[in-house]
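So the structure is just underneath, and the comments pick up after that.
Letters A, B, ... are given to chains in the order of the sequence lines, protein chains preceding strands, and every chain is numbered from 1. Just the heavy atoms: all of them, side chains too, but no hydrogens, waters or symmetry mates, feed the values below.
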Amino acid sequence: MRVSQLFGATLRAVPADELFSHQLLLRAGFLQQLASGIFSLLPLGARSQERIRGILRAELEAIGGQEIAMPVIQPGDLWQRSGRWQKVDQTLVRFQDRRGRDMVVAMTHEEVVADLAAAQVSSYRDLPRIVFQIQTKFRDEPRPRAGLIRTREFWMKDSYSLDRDLEGLRRAYRAHFEAYFKIAARAGLPVAAVLSDVGMMGGRMAHEFMYLSEEGEDTLLLCPRCGYAANQEVAERRLDDPDPEAELELEEVETPGTTTAAEVARLLGVGTQRVVKTVGYIAETQRGVPGRLVLALVAGDREVNLARLRQATGAVELRPATEQELAAAGAVAGYMSPRGLDPAAVTVVADLDLGRRRNLVAGANRAGWHVRNFNLARDSQVDQEVALSATVGGDPCPSCGAELELRRGIEYGNIFQLGTDYSLALGAEFTDEGGHQQPVVMGSYGIGLGRLLACVAEEHHDERGLALPISIAPYQVALVQVGTDPEVVAQAEVLHRELGGAGIEVLYDDRDVSAGVKFADADLRGMPLRLTVSKRTLQERSLELKRRQGEARLIPLEGALEQVGAELRLLWDELDAFVAQQMSPVAALAERTFGPGA
RNA sequence: CGGGAAGUAGCUCAGUCAGGUUAGAGUGCACGGUUCGGGACCGUGAGGUCGGCGGUUCGAAUCCGCCCUUCCCGACCA
């Protein structure tokens, strides 16, 4: 490709408040924004995405995946049958076709896969299968942000496993688990797998694959000793030993003007962790249906983990209760607790910590009053005890007790064990050996191509521009001809032709602009290798070879093709070594996560 | 959805507080010339519904109202 012909120029100036790696993608001419969270890919961006697609295809096929193509526009009826028509908010774009039939723009494809399976799978002999596709999704996100990190329209590799039982599902899940490390490594990314919330997907087990970065929007807890890793939404911690002390008699105590746990603790001279913090939420289990009051109880020094609360209550929508809603149930804001409330009117969810502590301080549901010697089981209605408070950095690891580290991460992929919810709802059943109808057991696995590219740009750049791994770069070689001296041009043309003939993909800067411009553009676009031809190099019957972030050296024209090929092979070898290094702990990690076997 | 900021040339931005000839710069683009290994320099030129609608005024990029769009923080979310 000749730079003089390229669609999409480099830019000098882009908005200053964007993520730096995203600025580079914009400046290098990889993409252009059309609307909030909606981007076009220019030729360079499209080629990089094509590289990613290649890696995805190869690794999905390596675990037995078969590529399919499903519709973006789907009948709303399918989503009504799965129940997600009601569960998902406006993130799901709906419209009616000319005949007034409800339609949706696909945000994911579990329904369609289940519908396909209903027709295509009839016997246990038709299982297991893994199908995948690579196409765009649309999710009308409330707030797109950070370039390609959170967009509304995005390319996704989504695969789905179909199995006869949980054993099969675990195998497919584990295969994806290992493949996802490989995919990231081949793109030059180190990643971590963390336990995650199942969210709108439903189902049982889920992992997210994270590129660790301070720019990430997810909060993770990682154990440096045993490797425990979880999204904060589901992270647990080792609980304190139960208090040995005996339960004392409950007593009311006047605490005027103390409406926060910290104030009460100070006034009564106890630690904030010995005060029960009660937070009221309204939990809607179906959109549009009036919700129920839920009281969340955590220690005074802790925050409520909303994902956990949502899970515990089965809520699709969770919002703080207003003072009026609290008062209607008899709860007094600022002095609130479950004491004296109608058990039929509220659901009480308490953190596991609280049941292990004795003689705490809690609200009295009476303005200006608290109670001492509050003991959860004795003194309160408790509907559920779960790990309700958010785990934070420094908390003890749930599996080994070491101090957890808090990190930020960008989620480039996730895997879900769905189970049989969709199969049952959409009639995906097969006949087993005994002639019995069984629901297909499903798994769902996604990777965001744009996010992966954004992560690669974030990991591989410097002040001058992108510095892409050879597996992701749109071209392997940037060829620069310095000046327009006929001899130089002729030699550059020869090289361009010969490299192309050797199957090497070259971006040839044939423009009549100053050398500085060409070098700056080459650095910005980030191809792994740069070749320079100039009068100076030709005087020595040579050309210059330089890695994007390496030193330049002269190589003789004679045999230059072989040298370039060797340098490219070296780059691939180094990437292979990186992949091997990234993969070396994965088998053991999978063993620890899923147990022995394959 | 709550809070904040912004919308002026292809791009990045001044000008708006304090209304007043023909609305500016840098960059990009076109043409000419000088350069020619790190975004070189000189000259000429093209390029604008000042986000939209309405209002105030003799006069609005500038003041007022409504709306749209974009970005940031939060809520939410994969």
Please determine whether a side-chain nitrogen or oxygen atom of Arg143(A) lies at a distance below 4.0 Å from atom OP1 or OP2 of C73(B). yes
Is any side-chain nitrogen or oxygen of Ser36(A) closer than 4.0 Å to OP1 or OP2 of C71(B)?
yes
Check every strand shown and say whether [X] touches a base, only sugar-phosphate, or nothing at a heavy-atom separation below 4.0 Å.
X         : result
Arg464(A) : base
Ala146(A) : sugar-phosphate
Val14(A)  : sugar-phosphate
Asp523(A) : base

In B/S/- notation (B base, S sugar-phosphate only, - none; protein heavy atoms under 4.0 Å), nucleotides 24-36 of chain B written 5' to 3' is ---SS--------
Taking a pair to mean Watson-Crick or G-U wobble geometry with both distances below 3.5 Å, G24(B) pairs with C13(B)
The Watson-Crick or G-U wobble partner of G32(B), with both key distances under 3.5 Å, is C42(B)
Is Arg57(A) paired with Glu67(A) through a side-chain N to carboxylate O contact shorter than 4.0 Å? yes
Rounded to whole Å, CE of Met107(A) lies from C1' of A78(B) at a distance of 8 Å
Which of G38(B), U12(B), U70(B) is nearest the side chain of Phe519(A)? It is G38(B)
